[in-house]
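Written out below as structure tokens is the structure these notes cover.
We name chains A, B, ... by the order of the sequence lines, and we start the count at 1 in each one.
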Number of protein chains: 2
Amino acid sequence: MVAHSLRARVRAGMIDEIKAVARRHLATDGANLSLRAVARDMGMVSSAIYRYFPSRDDLLTALILEAYEALGDAVEAADAGVDQADLRGRWHAVCRAARAWALAHPAEYALLYGSPVPGYAAPEDTVAPAQRPPVTLVGILRDGVAGGRIDASGEELPEPLRSDVAELAALLAVDLPPALLARGMAGWTQLFGLISFELFGRINKTLPHRDEYFDHQTALMADLIGLPAA
Amino acid sequence: MVAHSLRARVRAGMIDEIKAVARRHLATDGANLSLRAVARDMGMVSSAIYRYFPSRDDLLTALILEAYEALGDAVEAADAGVDQADLRGRWHAVCRAARAWALAHPAEYALLYGSPVPGYAAPEDTVAPAQRPPVTLVGILRDGVAGGRIDASGEELPEPLRSDVAELAALLAVDLPPALLARGMAGWTQLFGLISFELFGRINKTLPHRDEYFDHQTALMADLIGLPAA
DNA sequence: GCTCGTCAAGAGCAGTGCTCTCGGTTTTGA
DNA sequence: TCAAAACCGAGAGCACTGCTCTTGACGAGC
């Protein structure tokens, strides 16, 4: 099967090269990725690309998937690199990792979290990788509750909401008090908003010390969630 | 000047009709607005549009400006419709108004707060209307401090950040303790994140009671900011 | 009445995603 | 081993896009 493997290998290499060139175009020209430009860059004709990706959207989907995985890797690695008992340290590490990845790959971040492309619907494959960052965050909460370092027994959600959030907790397979999960979701929402504001240029120009601002804002959310200091 | 006024009037009407048709296209087809399709809808030829808008980006800019104004109107009206002493009520009213406008005009919201169009740079005219919602929010804080209903004297920001935020307060012409303004900005960031998550389909399907979820999340932020109950 | 500015229309250019066909190569299976 | 099948790149072509330029008609002001 060397022959078959050889053909498959050059094909896989071709796919990788197309994705690499496309990612380069994405970084420079923004979200409007041109198949013809990618083909031109590779010394090919545009129709040849269709041997490897049935449509432009499929190429985009492949890039999106890889971007989700890269972000998930960065976030989980940051979480694993901190003393697991230091909940607040993990929280900040995860937030910083997500922001750093977004700043390093703005176009890909926009692809993931920007306004959805009109005709494009994300396939089912993307939902699992997309949930890795929030799952990492709720993992911090889970460990905190399990270790007794987060006390969430005092708060109760009003009823239509409580069962919704409880169902979400069951879906995520984490045993968390709904009120605490809701606070965690607030933190995740805030993290996304912070990064998006900074990346999409809506942060006010009068904020030169962006790192400090980011850390302070995420610290506020850590307070809101109830993460204890190390 | 009746004659000239007449000519100017039909021209203004033409501009309004183009914008109306474009807005309709925006609502149905999403962000990729086609000048030719707009012209076709009006029984015109595409080149005729260029008599009124020098480019597609200029049309988009006009739509963006109007959208900012509409959102600003909705937000400020909601704020004005509540007893000004009820800070928390004003906060919730503003949040709900922003969300309602976004849900009613998803494509325009995406235009304002989605990922920026690659080649497009928002002109200077848009920054003032864009600041109306956050300015409305800090207005609530200003009133709270002035009325003694918000006590923000206890918190101090660390130094590189404190002067940044203080400068921002000066730029917004509000006399707020930096720490409080930072909390307000967290609320604004959270509001944007909440709406974007819901609109861009990232909110988990297992959350049928979205109104309750939204209210609860914004209430969390009201707590964080320190808004007193009515 | 004449001139000038404004207007809609049309042709045309460069670019896009995508389809189809045509040869040539490689892999496969009898 | 050798033909059949699968695969591949190139090219032409379709419908579409934003945009420019020219042409001819219309209306307002001197």
Side-chain angles (χ1 to χ4, degrees), chain A residues 1-19 21-22 24-26 28-64 107 111 116-121 123, chain B residues 1-19 21-26 28-64 107 111 116-121:
Chain A
M1 295 308 142
V2 177
H4 173 268
S5 165
L6 184 143
R7 201 199 187 82
R9 212 159 45 208
V10 16
R11 181 180 175 84
M14 208 63 169
I15 289 181
D16 280 349
E17 189 178 346
I18 292 176
K19 285 196 284 194
V21 174
R24 231 176 43 217
H25 270 83
L26 212 60
T28 61
D29 298 353
N32 40 9
L33 180 67
S34 160
L35 267 189
R36 294 181 110 111
V38 171
R40 222 176 298 133
D41 249 35
M42 301 184 56
M44 286 173 59
V45 149
S46 73
S47 59
I49 301 275
Y50 288 84
R51 298 281 173 196
Y52 302 93
F53 292 95
S55 80
R56 197 191 82 121
D57 280 0
D58 289 85
L59 212 191
L60 274 180
T61 300
L63 294 179
I64 288 177
L111 217 55
V117 184
Y120 177 80
Chain B
M1 298 306 144
V2 177
H4 175 266
S5 166
L6 183 143
R7 203 192 190 64
R9 211 157 49 207
V10 14
R11 180 178 176 84
M14 209 62 168
I15 289 181
D16 280 348
E17 188 179 345
I18 292 176
K19 286 196 283 193
V21 174
R23 200 165 13 235
R24 231 174 44 216
H25 270 84
L26 212 61
T28 61
D29 298 353
N32 39 9
L33 180 67
S34 161
L35 268 189
R36 295 182 109 112
V38 171
R40 221 175 298 132
D41 249 34
M42 301 183 56
M44 284 172 62
V45 149
S46 73
S47 60
I49 301 275
Y50 288 84
R51 296 278 171 196
Y52 302 93
F53 292 96
S55 79
R56 196 192 85 122
D57 280 0
D58 290 85
L59 212 191
L60 274 180
T61 300
L63 294 179
I64 288 177
L111 217 56
V117 184
Y120 176 78

What is the separation between atom CG on B/Leu35 and atom C1' on D/dC19, rounded to the nearest whole Å? 9 Å
List the residues meeting salt bridge (Lys or Arg N to Asp or Glu O under 4.0 Å) with B/Asp58, not counting sequence neighbours, and say none if there are none. none
Could you tell me whether A/Leu59 contacts a base, only the sugar-phosphate backbone, or nothing, with contacts defined as non-hydrogen atoms closer than 4.0 Å? nothing
How close do A/Tyr52 and A/Ala48 get, counting heavy atoms only, and between which atoms? CD1-O, 3.5 Å
Students often get this wrong, so: under 4.0 angstrom with heavy atoms, is B/Ser47 touching a base, only sugar-phosphate, or nothing? base
Do B/Leu63 and B/Leu59 have side chains that get closer than 4.5 Å, going by heavy atoms? yes
Residue set satisfying side chain to side chain contact (heavy atoms under 4.5 Å, CB included) with B/Ala37, at least two apart, ordered chain then number -> B/His25, B/Ser34, B/Arg40
Is the shortest side-chain N/O distance from B/Arg40 to OP1 or OP2 of D/dT17 below 4.0 Å? yes
Output one line per pair: protein atom, nucleotide atom from nucleotides 12-14 of chain C, and distance, for all N/O pairs under 3.5 Å.
none

Set of residues satisfying side chain to side chain contact (heavy atoms under 4.5 Å, CB included) with respect to A/Ala62, sequence neighbours excluded: A/Lys19, A/Phe53
When rounded to whole Å, the CG to C1' distance for the pair A/Asp57 and C/dC18 reads 12 Å
From CZ of A/Arg11 across to C1' of C/dT25 the rounded distance in Å is 15 Å
Could you check how far CZ of A/Arg9 sits from P of D/dC7, rounded to whole Å? 18 Å
Remember a base hit wins even if backbone is also touched, and classify A/Met42 as base, sugar-phosphate or nothing at under 4.0 Å, heavy atoms. nothing
Contacts of B/Asp16 meeting salt bridge (Lys or Arg N to Asp or Glu O under 4.0 Å) (sequence neighbours excluded), chain-then-number -> none
Measure from CE on B/Met44 to C1' on D/dG18 and round the result to the nearest Å. 15 Å
To the nearest Å, how far apart are A/Met14 CE and D/dA10 C1'? 13 Å
Whole-Å distance between C/dT6 P and B/Ile15 CD1? 13 Å
Contacts of A/Arg56 that satisfy salt bridge (Lys or Arg N to Asp or Glu O under 4.0 Å) - sequence neighbours left out: none
Sorted by chain and number, sequence neighbours left out, salt bridge (Lys or Arg N to Asp or Glu O under 4.0 Å) with B/Arg51 holds for none
Which residues within residues 48-56 of chain A lie with some heavy atom under 4.0 Å of an atom in DNA chain C? A/Tyr50, A/Arg51, A/Ser55, A/Arg56
Hey, is the side chain of B/Ser34 poking within less than 4.0 Å of OP1 or OP2 on D/dC16, counting only N and O atoms? no
How close or far is atom P of D/dA15 from atom CG of B/Asn32, stated in whole angstroms? 21 Å
Contacts of A/Arg24 meeting side-chain hydrogen bond (donor to acceptor under 3.5 Å, both in side chains) (sequence neighbours excluded), chain-then-number -> A/Asp41
